[in-house]
Amino acid sequence: MRHNAVYTPYHPRWHRTRVSTYWWLGRWSYFLFILRELSSIFVAWVVIYLLVLVAAVSKSAVRYQQFLDWSRNPFMLSLNILSLLFIVLHAVTWFNLAPQAMVVHVGGRRLPGSLIAISNYAGLVAVSIVILGLLLIRW
Amino acid sequence: MYARRPIEPLLWLFFSAGGVMAALFFPAILFLFGIAFPLGWLAPPNYDHLLAVVSHPLTRLVLLGVCSLSLFHWAHRFRYTLYDGLQIKHLNESINAICYGGAVLGTLTAAYLLWKVP
Amino acid sequence: MSDHITLHVARYRPEKASETTFDAFELPCPKEWVVLDGLNHIKDRMDGTLSYRWSCRMGICGSCGMLVNGEPKLACATFLSDYAPGPVRVEPLRNFPVIRDLVVEMGDFMSKLTRIKPWIVRQVEKPLSDGEYRQTPGELDEYKQFSMCINCMLCYSACPIYGLDPHFIGPAAIALAQRYNLDSRDEGAAERMQILSEHDGIWGCTFVGECTKVCPKHVDPAGAIQRYKLQSAVEWVKAFVLPRAAQ
Ligand code: SF4
Ligand code: FES
């Protein structure tokens, strides 16, 4: 047997099937996987949106107002609603899968995966509160 | 033998860190600026207030980190989505260049914009 | 509930046809019958030419993996009555070349398995007179989950990445590498890392997670692969920060 053997190309009696380019349409779990991967596009979009905001704010109050008006136009609004759905999908899948990738030992004992997931969500709540506080409360 | 890719662990580390950043920061930010403010559910912060928040050095640093890592997150994930979803592995080089190049360019842009905040 | 069930069984007979066809068999369906019982019934009473693999009929040998209604399953651990009144589609495992009927070629998996050195590696073997290598129950728990693998290849069949790129070393092989890495008696982690940190090793995986879902032994190969990535990344950083110490 060859050491890094993938199948020998010539073996006429074997029946081989090829994976379709649209394999991810065939099963719900595969489709969900592709949606999860596509959420990355919306992550990139949020970065762009955020940078546009930063650029507007650093220019002038007028530019900031223009940004706010722009964000109200129906196209931007629908895009952002869609983006939020994908961002939430990203966050939920990310936090839920994290325990599989991470094994944390505390005092020689392995922490249960649910605890890791819960602490992730706690982190999300904490960060969200800080952001809301910074932006909404006058100080 | 296969080509060694000593850089792969680093890219994955950025991908992971970016995934965490996006998951932690973006739901709130996008909800506010993308939906709640435009729809009038909440009043947007006034200009001086927002400027004060953004121009704080700590905010700028955090924003730079979040933006840059999130872009690397995008680059890595999108690259593999193209590989697997469309089976275009033969366009390898150009996909890599576009994805990671885009992330580097985005990081530089973010650094510039955040630097320019008064 | 009906007491009969129809099985649509994939047939591939290279001497007769170059494509797979389906034969329908109408079977009795007592509630204790698994898919394998159905296949044995067919082979004994209806069509003796049907080919498939099995041995232990109790989920240990790992030879009866096949697709039941498109899902990778152990034929000996999948109850027919769960699918009543049918029809049930039985096909060979996906992502492998088919030799005949439900029998797939598994040489690729076997050679991948040996590549990751699934045995305890010692830099220096200690002499027999020094006694056995001892291990605490806690140390056993570290890797026990990964040692449950029965090499049934259901995870390979569920993995779209393996289907797309047969060079990908795949879920079970990586989980087994982790099984030995996490064993307190083993010293081969560095050698395995060499093999698995190549592009066709762990990095091809995009955490689809299907391997973990279909695994009949709850091995969680997807988790093993992600943990491996994390470990590899941490080592990369260590080698970068402390180039000397890593050598
Ligand atoms: S990891 Fe699970 S599904 Fe994969 S070969 Fe082992 S027992 Fe079978
Ligand atoms: S016959 Fe042994 S695992 Fe099914």
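Just so it is clear, the values below take in all heavy atoms, side chains as well, and ignore hydrogens, waters and symmetry mates. Below, chains carry the letters A, B, ... as their sequence lines are ordered, and counting in each starts from 1.
Counting heavy atoms from C-beta on, the side chains of A:S58 and B:L113 never come closer than 4.5 Å. Side-chain contact check for A:S39 versus B:R77: some heavy-atom pair is nearer than 4.5 Å.
Closest approach of A:V54 to B:L114, counting heavy atoms only: CG1-CD2, 3.9 Å.
Within the 4.5 angstrom heavy-atom criterion, no atom of B:D48 approaches chain A. Residue contact with chain B, scored on non-hydrogen atoms closer than 4.5 Å, is absent for A:Y30. Contacts of A:F67 with chain B are made by side-chain atoms alone, with heavy-atom separations under 4.5 Å and no backbone atom involved. Neither the backbone nor the side chain of A:Y121 has a heavy atom closer than 4.5 Å to any heavy atom of chain B. Heavy atoms closer than 4.5 Å to chain B are found nowhere in A:S78, neither backbone nor side chain. If you measure heavy-atom distances from A:W23 to chain B, the contacts under 4.5 Å come from the side chain alone. Contacts of A:V43 with chain B are made by both backbone and side-chain atoms, with heavy-atom separations under 4.5 Å. Of the two parts of B:A75, neither the backbone nor the side chain holds a non-hydrogen atom closer than 4.5 Å to a non-hydrogen atom of chain A. Interface residue B:L32: only side-chain heavy atoms are found under 4.5 Å from chain A.
Distance CG/A:L50 to CZ/B:F25: 10.5 Å, rounded to 0.5 Å. Note that the CE atom of A:M76 and the CD1 atom of B:I35 stand 11.5 Å from one another [nearest 0.5 Å]. Note that CD1 of A:I41 and OG1 of B:T81 are 7.5 Å apart. Values are rounded to the nearest 0.5 Å. Rounding to the nearest 0.5 Å gives a distance of 8.5 Å between NE2 of B:H49 and CD1 of A:I137. B:L51 contributes atom CG, which lies 13.0 Å from atom NZ of A:K59 (distance to the nearest 0.5 angstrom). Between the NE2 atom of A:H90 and the CZ atom of B:F26 there is a distance of 8.5 Å, given to the nearest 0.5 Å.
Of the residues considered (A:L68, A:T93, A:N80, A:I48), A:N80 shows the highest number of contacts with chain B, using heavy-atom pairs under 4.5 Å. In terms of non-hydrogen atom pairs under 4.5 Å with chain A, the most contact-rich of B:S55, B:G19, B:G102 is B:G19. The greatest number of non-hydrogen atom pairs below 4.5 Å with chain B, out of A:I87, A:L84, A:V125, is found for A:L84. In terms of non-hydrogen atom pairs under 4.5 Å with chain B, the most contact-rich of A:I81, A:L38, A:N120 is A:I81. Chain B forms the most heavy-atom pairs under 4.5 Å with one residue out of A:S60, A:G123, A:S40, and that residue is A:S40. With chain A as partner, the option from B:P45, B:P44, B:A110, B:S70 having the largest number of non-hydrogen pairs under 4.5 angstrom is B:P45.
For A:W94 and B:F15, the ring centers sit closer than 6.0 Å to each other.
Remark: side-chain polar atoms of B:H73 are not paired, donor with acceptor, to backbone N or O of A:A44 under 3.5 angstrom. Listed for the B:Y47 side chain is no donor-acceptor partner under 3.5 Å among the backbone atoms of A:Y64. For the pair B:W74 (side chain) and A:W45 (backbone), a donor-acceptor distance under 3.5 Å is absent.
For the pairing with A:L135, the side-chain contact (heavy atoms from CB on, under 4.5 Å) check across B:L42, B:L50, B:I29 returns one residue only, B:L50.
B:R60 CZ: more than 12 foreign heavy atoms inside a 6.0 Å radius.
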